[in-house]
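Working notes, beginning with the structure itself.
Numbering starts at 1 and runs along the sequence shown.
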Amino acid sequence: MSRNVQRLITSRGAISGAYALTGVALVPLGLVLAYTIAKGFPSVTHLEFFTNVERPVGIPGAGIAHAIVGTLMLVGIASLGAIPICVLGGIFLAEYGISRIADWVRLGSDVLIGAPSIAIGLFAYALLVAPFHHFSGLAGSAALAVLMLPIVMRTTESAVRLIPGGLRESGLALGLPRWRVSLQLILPAAAPGVITGGLLSVARASGETAPLLFTGFGNPFLSFDPTQPLAALPLTVYHFALLPYPSLQEQAWGAALVLVVMVLIVNLASRYVLRGQIRFAGQQ
């Protein structure tokens, strides 16, 4: 057997093994999605499930409108607080990041990425709930914002580093100060990667339960006041799934399916936006 044939067999064997292992890794994900769809689909087929709020056990027509609104408010407020700061931090790390401070910021971001969300929830509870003796949506949003910080910052840094140096040099050659080059030339060029990081952070924050147990707490009523406790889809799933009532367990499965679909849509959007950044980097 010639060496070329041996290389061909080895290459095809390695590719086949990679596909097989990928299929094995996708089996648990497929089972979870299939089971969630099978258990949650009967609930989402009713319109009142999306328009009504929680009702006592035995009364038909219960829904999760309060949880959907609460999730959007919590994640929205967290995004407004975290994403602009993290984008600027990512630009700083990429453009001015040759310093000891930048190294500490990177280390802190890496630690936060792997930090347990329940620990961040306890931190937010000690800082924003216990001193005021009051749960609130703002405290929940603050906890989610901490979870979003490292994702957006590191993704922004990576996206800015992909921009070719010629674009920076052209702006500096025109006499623009470096901060204007970063904000008006580099940031728009890196926008697809930055948006991807923001969407990924939103997807992670949307599915977090532990931080909200200590901060947002939950609310069975529809509320638009972020200074009061707010409901959320993860909290609804957590509370209803532990109860012995079949009707509430069905609502938990329906809320879980809605949450999975929301996260899936956000992730698909991030993948679509990321293609623009990859295409731009491939053209350079």
Can you confirm whether more than 12 heavy atoms, excluding those of [X], are under 6.0 Å from its [atom1] atom?
X    : atom1 : answer
F214 : CZ    : yes
Y96  : OH    : yes
F50  : CZ    : yes
L264 : CG    : yes

* Asked: Does the side chain to side chain contact (heavy atoms under 4.5 Å, CB included) test come out yes or no for M262 and V266, once each step is laid out?
  -> CA-CA 6 Å; M262 290 174 59; V266 173; 5.7 Å; no
With a cut-off of 3.5 Å and sequence neighbours excluded, list every side-chain donor-acceptor pair involving residues 179-187.
unit_1 : atom_1 : unit_2 : atom_2 : d
R180   : NH2    : Q184   : OE1    : 3.2
S182   : OG     : R178   : O      : 3.1

Is there a donor-acceptor contact under 3.5 Å from the side chain of [X] to the main chain of [Y]?
X    : Y    : value
N52  : A62  : no
S117 : P211 : no
Q251 : F240 : no
T71  : L233 : yes
T155 : V152 : no
S270 : N267 : yes
S11  : R7   : no

* Looking at residues at least two apart in the chain, or sitting in another chain, which of them share a salt bridge (charged side-chain N to carboxylate O under 4.0 Å, His left out) with R204? -> E208
* To do: Check whether I37 and W253 end up in the same hydrophobic cluster, where Ile, Leu, Val, Met, Phe, Trp and Tyr are linked by side-chain heavy atoms less than 4.5 Å apart.
  => no
Say you draw a straight line from [atom1] of [X] to [atom2] of [Y]; how long is it, rounded to the nearest 0.5 Å?
X    : Y    : atom1 : atom2 : result
L230 : L72  : CG    : CG    : 11.0 Å
I68  : F49  : CD1   : CZ    : 7.5 Å
T156 : I151 : OG1   : CD1   : 11.5 Å
I64  : L259 : CD1   : CG    : 9.0 Å

* To do: Report the residues that fulfil ring pair (Phe, Tyr, Trp, His ring centres under 6.0 Å) with Y245, sequence neighbours left out, ordered by chain and then residue number.
  =>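 With sequence neighbours excluded, Y245 shows a ring pair (Phe, Tyr, Trp, His ring centres under 6.0 Å) to no residue whatsoever.
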Output a table of donor-acceptor pairs, distance under 3.5 Å, between side-chain atoms of residues 123-145 and any protein atom two or more places apart or on a different chain; print 'none' if there are none.
unit_1 : atom_1 : unit_2 : atom_2 : d
H134   : NE2    : T227   : O      : 2.8
S136   : OG     : A139   : N      : 3.2
S141   : OG     : L74    : O      : 3.0
S141   : OG     : G137   : O      : 3.1

* To do: Name all pairs fulfilling the salt bridge (charged side-chain N to carboxylate O under 4.0 Å, His left out) condition that reach into residues 85-113, sequence neighbours left out, sorted by first residue then second.
  =>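 Every salt bridge (charged side-chain N to carboxylate O under 4.0 Å, His left out) pair that includes a residue of residues 85-113, provided the two are not neighbours, is E95-R168, D103-R106, R106-E157, D110-R154.
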* **Residue pair V53, F221: steps toward the side chain to side chain contact (heavy atoms under 4.5 Å, CB included) verdict** => CA-CA 6 Å; V53 298; F221 305 103; 5.6 Å; no
* Structure fact -> For P150, the side chain to side chain contact (heavy atoms under 4.5 Å, CB included) test, sequence neighbours excluded, returns S109, L112, I113
